[in-house]
Visitor: 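One structure, as structure tokens, below. Some questions next.
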Amino acid sequence: MFDVRNPATGTTVGTYPVHTIADVDAAVRRAHRAADWWGALGFAERAKYLDAWRAEITRGRADLAQVMHDEMGKPISDAKLEIAMALEHLKWAARNAEKVLGRRPVPSSLLTINQAAWVEHRPFGVVGVIGPWNYPVFTPLSSVAFALAAGNTAVFKPSEYSPGVGLWLAAAFARVSPQQSVLQVVTGLGETGAALCRSNVGKIGFTGSTDTGKRVMAACAERLTPVLMECGGKDALIVDADADLDAAADAAVWGGMSNAGQTCLGVERVYVHEAVYAEFVDKLVRLAGGLRAGGDAKIGPITMPKQIDVIRRHIEDAIARGATALLGGIDAIDGQFIQPTILVDVPEDALAVTEETFGPTLTVAKVANMDEAIKHVNSGPYGLGGTVFSRRNGHQIADRIRAGGTSINAFVAHATIPTLPLGGVGGSGFGRVHGPDGLKEFTYAKATTQQRFPSPLALTTFARSTTIDAVVDRLVSVLHGRSR
Ligand code: NDP
């Protein structure tokens, strides 16, 4: 068994079993049995269950938000916002799975004109989902909802910091489908997640840190189990000379400080055109200075006790290397609460610029032009998201950012639009959740052909004549021998 403690108060809010390899394997076996039923239902019937689940979550959202708050400290109103965003994606997945994944005819070619051809996307059967604690509803549902809509059943291993949230979601599903184990939760520590990676699942959807992601991939490699990797980030916000500075400062503060900075797509670095740097920093410090971290404040506690050391190390390293804290700093750390911290004049190779901090901190740097900003943004291993503020040049700047998504003149909008894919490049992972890509992620493409009539050019037979060889040879020359 293991305890979950409220990070704000230290009190135990739940005790859960550490599921063993045998427990995980048994859950996966049950999931396979349920997959036969769930897969055979078809898209329209599955959508009814998913819609009923969505209604169940919606009705219970106040209760679910309370569990999120108790386990990982997120303010209740932010927890409700997270649930609302997750419901949008759940609805989209249920409504669009058939259109994206269903069987459809595709054209053949001149040489294969006698064949009819179809493609469809089939479920793997059982998908394992491993999730983090920082968005304990939004991130796992980004995998679970799309895996289920595609026709898979799922076994979900939530973070050891938020198992109650995972169990709440599975219990809500069980109320709409009591007979079948369509969505199960296994609880435990890292070893339980590793057992899921080594179990008989068709794919693992992982969301978590880059280091754990590498361990997950290594475990999955043993059975050649494919993986979706939604990993860490070090996202930046760029402010061009023509930006709306009030909007940019508001986005930087929310992007950097909401969820106490514990956001994969959170703003950790800001690069500002020198023409507006002073004015922007002034607005930023004023806005962030009006915020407070506390038990019932808009900024909650740091969830993981060990993360405090990481944040302290990043602030200390920056200051030792000549940075200035315009707000907060080392003194801003008080137990599990960290007050908003804004650092300027931080060297580009300082830890606060190169590594994921995951706290309510921002580094702000002055740049001579957008070329310099983009060079800094694209340095480093991560490439998850990013934000650009500019009235005229947003697209030109966004197009040069190496990341899975960029939002112009708003923070994180690309993660909230159901039709858009979400994911990273480089150290931020690969594969996509959300949108059509997110549905296909939990399927394999199946190709089928049917001969409509015997080909006048029978190619795949030992009976192929030298005349046919000559005709094909001429055709190949005509079809492929000339560049346009
Ligand atoms: P971790 O990498 O510590 O854990 C993620 C999950 O993996 C947890 O459920 C954890 O279980 C489990 N796990 C740990 N060890 C293993 C293992 N050896 N095999 C299988 N599973 C294992 O991440 P956090 O939970 O701390 O989440 C924060 C991280 O997630 C940040 O880096 C953040 O950027 C990233 N993230 C990425 C997102 C994206 O969309 N790209 C979205 C949200 C977060 P346990 O907790 O029990 O150890």
Side-chain angles (χ1 to χ4, degrees), residues 2-4 7 16-19 21 24 71-72 74 82 85-86 89 128-143 155-166 185-199 201 204-222 225 227-235 259-268 302-307 310 355-359 381-385 403-405 412 414-416 421-434 438 441:
F2 67 102
D3 292 334
V4 179
Y16 299 91
V18 174
H19 284 129
I21 294 173
V24 171
E71 287 196 331
M72 53 73 64
K74 192 184 297 264
E82 179 184 336
M85 291 300 150
H89 291 289
V129 175
I130 298 174
W133 47 266
N134 62 337
Y135 286 84
V137 169
F138 185 84
T139 51
L141 281 197
S142 295
S143 287
V155 178
F156 169 35
K157 153 67 179 74
S159 163
E160 68 196 68
Y161 294 97
S162 56
V165 176
V185 166
V186 289
T187 55
L189 315 182
E191 290 74 29
T192 304
L196 189 57
C197 296
R198 294 192 170 91
S199 72
V201 292
I204 288 286
F206 170 79
T207 309
S209 65
T210 304
D211 282 347
T212 308
K214 290 175 187 170
R215 286 197 287 280
V216 164
M217 273 187 80
C220 287
E222 293 170 19
T225 301
V227 289
L228 157 72
M229 285 282 137
E230 295 286 343
C231 300
K234 189 71 189 174
D235 286 356
N259 209 32
Q262 306 166 113
T263 303
C264 51
L265 289 152
V267 178
E268 299 218 349
I302 300 300
T303 306
M304 292 193 298
K306 66 179 185 221
Q307 195 65 25
V310 174
E355 291 186 5
E356 195 176 46
T357 306
F358 240 47
Y382 296 113
L384 192 53
V412 96
H414 69 275
T416 63
L422 178 68
V425 295
S428 294
F430 51 83
R432 294 293 180 264
V433 294
H434 300 171
E441 194 69 42

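Indexing begins at 1, ligand by ligand and atom by atom, following the structure's order.
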Visitor: Does F206 have K157 sitting over its ring (NZ/CZ under 6.0 Å from centre, angle to axis within 45°)?
Guide: no
Visitor: Tell me: protein heavy atom nearest atom 28 (C) of ligand 1, and distance?
Guide: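 Atom 28 (C) of ligand 1 sits closest to the protein heavy atom F358 CE2, 3.8 Å.
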Visitor: Looking at ligand 1, would G188 count as a contact under a 4.0 Å heavy-atom criterion?
Guide: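 So G188 counts as touching ligand 1.
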Visitor: Using a 4.0 Å heavy-atom threshold (strictly under), name the region of L384 that reaches ligand 1: side chain, backbone, both or neither.
Guide: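 The side chain, only.
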Visitor: Of the protein's non-hydrogen atoms, which lies at the shortest distance from atom 14 (C) of ligand 1, and what is that distance?
Guide: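 The protein heavy atom lying closest is T212 CG2, 3.5 Å.
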Visitor: Identify the protein heavy atom lying closest to atom 38 (C) of ligand 1, giving its residue, its atom name and the separation to 0.1 Å.
Guide: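 The answer is C264 SG, 3.0 Å.
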Visitor: In the protein, which heavy atom is nearest to atom 24 (P) of ligand 1, and how far is it?
Guide: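 For atom 24 (P) of ligand 1, the nearest protein heavy atom is W133 NE1, 3.3 Å.
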Visitor: Does V165 reach the side chain of V137, with side-chain heavy atoms less than 4.5 Å apart?
Guide: yes
Visitor: Heavy atoms only: which of R215, K214, M217 lies closest to atom 18 (N) of ligand 1?
Guide: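 Among R215, K214, M217, the closest heavy atom to atom 18 (N) of ligand 1 comes from R215.
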Visitor: Considering both backbone and side-chain atoms of T207, is one of its nitrogen or oxygen atoms within less than 3.5 Å of a nitrogen or oxygen in ligand 1?
Guide: no
Visitor: Look at ligand 1 and say whether Y135 reaches it with a heavy atom at a distance under 4.0 Å.
Guide: no
Visitor: Does an N or O from T210, backbone or side chain, lie closer than 3.5 Å to an N or O of ligand 1?
Guide: no
Visitor: Does even one non-hydrogen atom of G131 get within less than 4.0 Å of ligand 1?
Guide: yes
Visitor: Examine the proximity of ligand 1 to E356 and report which part, side chain or backbone, both or neither, has a heavy atom under 4.0 Å away.
Guide: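 For E356, only side-chain atoms sit under 4.0 Å from ligand 1.
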Visitor: Salt bridge (charged side-chain N to carboxylate O under 4.0 Å, His left out), that's the test. Do E355 and K234 meet it? Break it down for me.
Guide: CA-CA 7 Å; E355 291 186 5; K234 189 71 189 174; over 6 Å; no
Visitor: Could you list which atoms of ligand 1 come closer than 4.0 Å to a heavy atom of G193?
Guide: 19 (N), 20 (C), 21 (N)
Visitor: Would C231 count as a contact residue for ligand 1, given that I'm defining contact as a non-hydrogen atom of the residue lying under 4.0 Å from a ligand atom?
Guide: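 Yes, C231 has heavy atoms under 4.0 Å from ligand 1.
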Visitor: Consider every N or O of Y161 and every N or O of ligand 1, then say whether any pair is closer than 3.5 Å.
Guide: no
Visitor: Are any of the heavy atoms in P158 under 4.0 Å away from ligand 1?
Guide: yes
Visitor: Can you find a non-hydrogen atom of F206 under 4.0 Å from ligand 1?
Guide: yes
Visitor: For T139 and ligand 1, does the shortest N/O to N/O distance drop below 3.5 Å?
Guide: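 T139 vs ligand 1: no N/O contact under 3.5 Å.
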